[in-house]
Amino acid sequence: MHNHSRRKFLTTSASVSGVGLLAGLPVVSSRQANLAADQVRFYNGIEPTVRLIEQTSREKLLDAVADRIRKGLSYREVLAALFLAGIRNVQPRPSVGFKFHCVLVVNSCHLASLSGPDSDRWLPIFWALDYFKSSQGDESRRSGWKMSPVDESQIPSPRKCRQEFITAMQNWDVARADVAAAGVVRHLGAVEVFGLFARFAARDYRSIGHKAIYLANAWRTLQVIGWEFAEPIMRSLAFALLNHNGETNPSEADHLVDRPWRTNGERIAEIPQDWLGGKIDHGVPKELFSVFREGDPDASSRQALQALKKGVSPQSIWDGIFVGAGELLMRQPGIIGLHGLTTANAMHFLWKTTGDDQLRRRLLLQASSFQPLFRESAKKRGKLAARYVGQLGDDSVPLSKREPLGEILAEISSDPLSAARKTRRFLGQGGSSYRFVDATRRLFF
């Protein structure tokens, strides 16, 4: 249904030639979209734009926003209002996914805008506006939930807020974490706040990685729209990170989805002190693949640990994680394999961004542990095809010399295995991976 509505949106609301809803809107230049956050100051008057998005019907919203843009509403104001409307009207429950994707996709739509031509730069944002209305309607039918104001009387002091947040998150205490999240945003620096949340974003496998995805995308979005909007966003994030399935409080139990984080926390002491200075080893990803295919989370973590103890660069382990996740998606195209990749992306972002050495070690092992969990989740949805990285078949598959990328893209929907073989041939013959990525971005548009 999402694919159908996306295509319908494209055909009814815009076209490459500029005819339709987007015609006449001010062009968003690459410089405008990439402007540093400290050069833009949002004012408290963003509320009317948020309410416009919340209160206008789905059928009329795009026209209403387009009209405001023509009157001077900026790209960044639209992006900020869209994100805030999502976190105020859609809760990350019962899972940090499904209808909540209207929040999770905002940063991705922004990145798609940056990668597209100036004339099409509004297109992903307008699609996200339409998608929000769908999720808002879903939430309204389910529960009518809206984020409530924070309890000002309970917000901890600057001296206590950090420990209050840690204690609340460790105890899975939603009410206490809500006020503590507001406190750390008000009293601590942005980088320190990110580090605190990063300690809890990948500690459990619930919601198939969406918790790490939410932190990564929320942080990246805040770099664009401004830290002044952080408090409600980080409150929503704390609520999401504490999401569990109604079982015994995870702080008082030994649930399977929580176990790898504890195990990896004990294991990081075995990683050498100079672990970041290791050497690239192209054999390590292949060793990881075999464990990802048959082993359990503990075995995957141990395999990554052994490589680090031998002086292998973390990059070789991340190579194995990314390609191993891609292999699972190849074996079973669908939602589980897709989130194996997006979760790996998010955890790698957390790993790159945090300055806490102990947390970085733990995130790397945790990302390895997650791969067998995604495999088992995929098995519950159906059989995994016997397709493996490096075993795609005949390398002599014919490929047009004149328009190789056009031929590959034409087959992606109809015959993905053939397209994969031709992609490998294209790269093997010296074809540019950057050209391939640019071409697939245009396909998404």
Side-chain angles (χ1 to χ4, degrees), residues 202-210 212-213 254-268 270-271 275 278 280-348 351 361-395 416-417 420-421 424:
R203 64 174 170 174
D204 66 295
Y205 180 69
R206 295 176 185 86
S207 297
I208 57 171
H210 282 103
I213 292 169
D254 183 30
H255 302 301
L256 177 63
V257 291
D258 300 307
R259 202 171 297 160
W261 187 248
R262 290 194 292 271
T263 300
N264 290 326
E266 299 168 356
R267 194 163 278 166
I268 59 175
E270 300 180 47
I271 299 175
W275 68 290
I280 297 293
D281 185 336
H282 296 302
V284 166
K286 296 178 183 179
E287 295 171 356
L288 286 170
F289 297 159
S290 62
V291 184
F292 294 165
R293 292 166 187 163
E294 303 293 339
D296 60 18
D298 186 66
S300 293
S301 170
R302 281 189 281 105
Q303 189 71 40
L305 174 62
Q306 291 306 311
L308 292 171
K309 292 171 76 170
K310 292 177 182 178
V312 174
S313 168
Q315 182 60 56
S316 293
I317 297 172
W318 282 114
D319 287 345
I321 291 168
F322 275 108
V323 182
E327 179 182 90
L328 179 61
L329 180 59
M330 185 171 67
R331 297 183 66 191
Q332 188 192 85
I335 198 71
I336 300 299
L338 174 65
H339 284 86
L341 274 171
T342 54
T343 299
N345 176 277
M347 294 176 75
H348 184 248
W351 182 83
R361 297 168 184 235
R362 201 170 186 178
L363 285 168
L364 181 58
L365 298 184
Q366 187 77 347
S368 301
S369 294
F370 267 25
Q371 294 309 305
L373 294 172
F374 276 107
R375 182 199 70 219
E376 292 305 305
S377 293
K379 281 183 177 180
K380 293 177 182 178
R381 287 182 168 250
K383 186 177 180 181
L384 302 182
R387 298 194 191 108
Y388 304 105
V389 171
Q391 301 176 15
L392 290 177
D394 188 4
D395 276 339
L417 183 58
R421 289 170 175 159
R424 188 172 67 174

*Asks:* Which atom pair, heavy atoms only, marks the closest approach of Pro372 to Ser300?
*Replies:* CG-OG, 3.0 Å
*Asks:* About how many Å separate CZ of Phe374 and CD1 of Ile208, when rounded to the nearest 0.5 Å?
*Replies:* 6.0 Å
*Asks:* Do the side chain of Arg203 and the main chain of Trp261 share a donor and acceptor less than 3.5 angstrom apart?
*Replies:* no
*Asks:* What's the shortest heavy-atom distance between Asp258 and Asp204, and which atoms?
*Replies:* OD1-CB, 3.2 Å
*Asks:* Please name the pair of heavy atoms, one in Pro260 and one in Leu373, separated by the smallest distance, quoted to 0.1 Å.
*Replies:* CG-CD1, 4.4 Å
*Asks:* Can you tell me how far the CD1 atom of Ile336 sits from the CG atom of Leu341, to the nearest 0.5 Å?
*Replies:* 12.5 Å
*Asks:* Do Arg331 and Tyr388 have side-chain heavy atoms sitting under 4.5 Å apart?
*Replies:* yes
*Asks:* Report all side-chain donor-acceptor pairs from residues 307-315 shorter than 3.5 Å, counting only partners two or more places apart or in another chain.
*Replies:*
from   : atom 1 : to     : atom 2 : distance (Å)
Lys309 : NZ     : Glu270 : OE1    : 3.3
Ser313 : OG     : Gln315 : N      : 3.1
Gln315 : NE2    : Asp319 : OD1    : 2.8

*Asks:* Keeping Ser290 on the side-chain end and Glu287 on the backbone end, is there a donor-acceptor pair under 3.5 Å?
*Replies:* yes
*Asks:* Does the side chain of Asp281 pick up a donor-acceptor pair with the side chain of Ser316 at under 3.5 Å?
*Replies:* no
*Asks:* Does Ser301 reach the side chain of Arg267, with side-chain heavy atoms less than 4.5 Å apart?
*Replies:* yes
*Asks:* Can you find a side-chain donor-acceptor pair between Asn264 and Ser369 that sits under 3.5 Å?
*Replies:* yes
*Asks:* Taking C-beta and beyond as the side chain, do Ser368 and Ile321 meet within less than 4.5 Å on heavy atoms?
*Replies:* yes
*Asks:* Counting only heavy atoms not in Gln391 (residues, nucleotides, ligands), do more than 12 fall under 6.0 Å from its CD?
*Replies:* yes
*Asks:* Could you tell me the separation between the CG atom of Leu365 and the CD atom of Gln303, rounded to the nearest 0.5 Å?
*Replies:* 12.0 Å
*Asks:* Using modelled atom types and a 3.5 Å cut-off, is there a donor and acceptor pairing between side-chain atoms of Arg375 and backbone atoms of Phe292?
*Replies:* yes
*Asks:* Atom CD of Glu376 and atom CG of Leu384: how far apart are they, to the nearest 0.5 Å?
*Replies:* 8.5 Å
*Asks:* How many angstroms lie between OG1 in Thr343 and CD in Gln366, if you round to the nearest 0.5 Å?
*Replies:* 11.0 Å
*Asks:* Any donor and acceptor pair, going by atom type alone, linking the side chain of Arg361 with main-chain N or O of Ile271 inside 3.5 Å?
*Replies:* yes
*Asks:* Taking all heavy atoms of Met347 and all of Ala202, pick out the closest pair and write down the distance.
*Replies:* CE-CB, 3.8 Å
*Asks:* Using 0.5 Å steps for rounding, measure from the OG atom of Ser377 to the CD1 atom of Ile335.
*Replies:* 12.0 Å
*Asks:* Is any side-chain heavy atom of Ile213 closer than 4.5 Å to one of His339?
*Replies:* yes
*Asks:* Does Arg262 pair with Asp254 as a salt bridge, N-O distance under 4.0 Å?
*Replies:* yes
*Asks:* Please report the shortest heavy-atom distance between Val389 and Arg293, naming the atom on each side.
*Replies:* N-NH2, 4.1 Å
